[in-house]
A.B. asks: 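Quick one: the structure is below, questions incoming.
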Amino acid sequence: MSKAILDVKDLKKHYSRSRGLVSALRGRDVVIPAIDGISFYIRENETMGLVGESGCGKTTVGRSIMGLTPITSGQVLFDGEDLSVLPPSRFLPYRRQMQMIFQDLDAALNPKMRVRSILREAVTVFDRPGNEGVDRRIRELLDQVNLKESKLTSFPHELSGGEKRRVGIARALAVGARFLVADEPTSALDVSIQAQIVNLLVDLQRDLGLSYLFISHDLRIVELISHKVAVMYLGKIVEMGLAGSIANRPLHPYTRMLWSSMVDGRSLEGSPSPGGRGTWGSLDFERPQAGCRFASRCPVYRDRGRPAVCTDPSTEPELLDVGRARKVACHFPLQ
Amino acid sequence: MKRYTQRSSVVVEFSDLPFWKKADRRDLFYLGFGLLVLTMVLVSYALGSLEWLPYDPQEIDLDMLMAPPGTEGHLLGTDFMGRDILSRLVLGTQAYFLPGLLSITIALTLGSLVGVLSGYWGAGFDTAATYLGNLLDSFPRLVFILLVVAAFKPDIYYIMVVVGITNVPVVSLLIRDKILSLKQKTFIEAAKALGLRNRTIIFRHILWHNCRSTLIIQATLGMAEAILIESSLSYLGFGVQEPTPSWGNMVQAGSNYFMQGQFWSSTAPALAILVTIMGFHLLGDGLNYILEGKRS
Amino acid sequence: MAVEPVLTIEDLRTYFYSRSKRAFIRSVDGVGLQVRRGETLGIVGESGSGKSVTALSVIGLIDAEPGVITGRVGFRVNGTEWSLLPSIGDHVSLAEEDGRIVEVVKDNRGWRRKVDRLMHGVRGREISMIFQNPRVSLNPFVTIGSQVAESVLLNTGIRNRREAAEKARYWLEQVRMDSPGLRFAQYPGDLSGGMCQRAMIAMALSSEPSLLIADEPTTGLDSTIQSKIVELLDDLKKAVGVTTVLISHDINVVARLSDSVAVMYGGTVLEYGPADRVLSPDFLPKHPYVEALLESIPSERHIKDGLLPRAIEGEVLDTVNAPRGCRFFDRCHRITNGIEEKCRDLEPDLAEISAGHQMRCWLHIG
């Protein structure tokens, strides 16, 4: 079994939101636990899918790993080295190893730079291969992401969504990264283009031996592309396991809710699964639930007659191993 | 009625066209006029420095007092001491050109520095810079200039240093806002993630690619302002001192004769001021639209 | 057909003008659709397919120049008939070359005035619209209750404020707001995205419209919330029975809610027919685009078999340079030697291949 390339241990990221001078002095600033202690690891040549709704903290996980935002506590081990304690200058060499694909298509590319200079810049961050070497490398990258050479003279706004995404991927590959954080790489794209990008990422993984952290709100795509899947809810992982098993047999009520909200319209109409319909409630970090965070929306909690253990502040469910590489954080996992 | 025309039934890509084919005709006119004025100023400055002038601008000719325009040898006439107005106009560009460049340089470099510091690193420095900028803005500039003139001497370079410094908040605010709006997009973060150093991001991505046109436009407006301030102060007697010609003190000197029908000796420099300032403003406007795609 | 159509769109063309390209963007290029009373028509398409522009043209909300150029939009309720588009020649004159419009002369102001006159009493009252982004579409400084009540006052016979508030509360309950009494006095900022969308739906329904246009009503919401909104729309359809045009890029949403479906691509309708035929992968024949589109969406089937969805190669059509022939030509995987030339040079008509099922493809019309 190949070794872990990335190992995240008890990662926490708290934002504090100031409510003004008085409450700051009284220490009453609101602390928002965007990530509240999550752990996972990714092996070489493996894809880990991280899925959750907007605001659950999944993007913050990616940015924390990339060192784009300081973390509150925990460890981010890359090849065994804890990145979270490195000063910026010592972090730099690791940017060669790990890169990020950003969610926002338009915003991640400098609007005033042509594709050629965007790629040239990426190729020359760590190396100085000379003009000929740069051109050769750019051609190689274009070939890898399947982009026409005529696009080199275009500005980002002249490209279609799929082409922008390809440039973004080429840029991440340019430094020779082995590990990519892909933050919603398909969500801004048209349906018919999404599959192209998913296939491209899979091909690149096979050809270049990449590892991915694949962040998405779409459990279907995550299930298809990943080896392992973690489901996040309000800053915590509530369920983790091998892809395929998550969708086929969800253990956490939230996973089931997420899955049933996504599968094809017609099959939903016929059989609304009893656990599928949760109650309303919004994701809200400022009013965290005592005990299990999902209780207020949880169909199981409701059906079981609101057991006290779910809302007891001292018994927040832990992410426990339930066998067959499966972990779930729930007092009453589904069978 | 509005007309929309497609050139042919098959569309060619227009995005690679040079800007003069894409831009609005009005903006091209602005740009052209501005460039013409800029060229005239540069040529005048060069002629003045080389002393290639029709007459010595200081030479007093008592036989030719207040000669009207068109008098033989004096295209724009002479002033109350018989000095050639054209030569003095050409030499008058010396009064503001270098000092103007000085004030622009100060405003742009300090402004970019403060703007980058407060926009990129923000927080405490940003707050401090904003307060300081507001303080500087709230103090009347003319009073500031007069204080400096009183404390040191009525030298145009001193004055232009003050003008440059008082313009720092304007430029820094522009740069800061630009950076804040760029930060909304993720490409700065993406550049960081790529492994670029802060100085590359600041100089290449922010200043060179995204603030270049803002700075050029600020430079043209700065020159227009320098001319305006130089001529007003010289008119009041605080700026460039006689007998050195400046458009401001030429208007002042001619103004006594204006009401007696001898309008030319103050009208010529006044028109020069008008046309030049307008030229620099239109240059800024034209550039703003053509480079930035928006009207100021 | 026994039930008369409420809305009839014929040969609608909505062009915009790109200054930098000096060319027309042919966002909608000859669309014809019909919506019958009580029916939900789904319009599916990718970005740039012209689905939203079609809806905005119908309701007269196209602002950018030159806007709607030609076509006919008929709207019929209880025997009253409206024509919602100024007829050609009133404010527009066209010049063509090679059968393509190359010059438009338009009196924009006159056109605008005419549209507003035509729309008076229709927009808001007879036709309501739900937009994609509920937060932006609601006034942030007015309470939810007042906004709905305002719409009741404006668009129904009710003139009494108290009655209107009563009615507003009724609609908030209808859209299953949790604790509608409490939400009534809250501002949009206090509500989650899903709740805002419910408020929008309540507002749209409160004028008791004859036609509801829902433009991407679930886009941008989280998937669990999306499914709730879809459920709500489904229940409302059964309970209230309002005639609806549903526009979405999400095939699952459209499949769930629509009776008939039009699949748009590059400004035209490629396939139009009953939803259970058009969007069912197993029903044949299919338009190659629809077939490929259905296959490119990850479904349960893919996950069960561990297969990646098949991508449609190429890029979404650029509507400035629409090809002469079939708009899907460049990306089509089913062109045979026999029809290749026809596909490239000649655009097929939207032809009936079976009762109520139309298709624009040379494969299926001989």
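Values reported hereafter were calculated over all heavy atoms of this structure, with side chains retained and with hydrogens, waters and symmetry mates removed. Note on naming: letters A, B, ... go to the chains in the order of the sequence lines (proteins, then strands), and numbering restarts at 1 for each one.
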A.B. asks: State the CD-OG1 distance between C:Q132 and C:T218, to the nearest 0.5 angstrom.
C.D. replies: 9.0 Å
A.B. asks: May I ask you to decide if the ring planes of C:Y289 and C:Y265 are parallel, tilted or perpendicular, using 30° and 60° as cut-offs?
C.D. replies: tilted
A.B. asks: Can you check whether C:F16 and C:F24 have ring centres sitting under 6.0 Å from each other?
C.D. replies: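 Centroid separation for C:F16 and C:F24: 6.0 Å or greater.
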A.B. asks: What part of C:Q226 is in contact with chain A, defined as an atom under 4.5 angstrom from a non-hydrogen atom: side chain, backbone, both or neither?
C.D. replies: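 Nothing of C:Q226, per the 4.5 Å heavy-atom cut-off to chain A.
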A.B. asks: Could you tell me the separation between the CG atom of C:L246 and the CD atom of C:E216, rounded to the nearest 0.5 Å?
C.D. replies: 8.5 Å
A.B. asks: Name the option with the most non-hydrogen atom pairs under 4.5 Å to chain A; the candidates are C:S223, C:A292, C:G48, C:G193.
C.D. replies: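 Among the listed options, the one with the most contacts to chain A is C:S223.
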A.B. asks: Relative to the ring of A:F294, is the ring of A:Y254 parallel (under 30°), tilted (30 to 60°) or perpendicular (over 60°)?
C.D. replies: perpendicular
A.B. asks: Can you tell me which portion of C:L307 sits under 4.5 Å from chain A's heavy atoms? Options are side chain, backbone, both or neither.
C.D. replies: backbone
A.B. asks: Kindly compute the distance separating CZ (C:R360) from OG1 (C:T268), expressed to the nearest 0.5 Å.
C.D. replies: 5.0 Å
A.B. asks: Residue by residue, scan residues 184-191 of chain A and write down, ordered by number, those that have a heavy-atom distance under 4.5 Å to chain C; if none do, write 'none'.
C.D. replies: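 Under the 4.5 Å heavy-atom cut-off, A:D190, A:V191 qualify.
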A.B. asks: Which atoms of A:Q196 come close to chain C, meaning under 4.5 Å heavy atom to heavy atom: side chain ones, backbone ones, both, or neither?
C.D. replies: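 The answer is both parts of A:Q196.
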A.B. asks: C:R310 versus chain A, heavy atoms under 4.5 Å apart: side chain, backbone, both or neither?
C.D. replies: backbone
A.B. asks: Atom CD in C:Q186, atom CG in C:L191: separation rounded to 0.5 Å?
C.D. replies: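 The CD atom of C:Q186 sits 5.5 Å away from the CG atom of C:L191.
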A.B. asks: C:S258 side chain to C:A255 main-chain N or O, any donor-acceptor pair under 3.5 Å?
C.D. replies: no
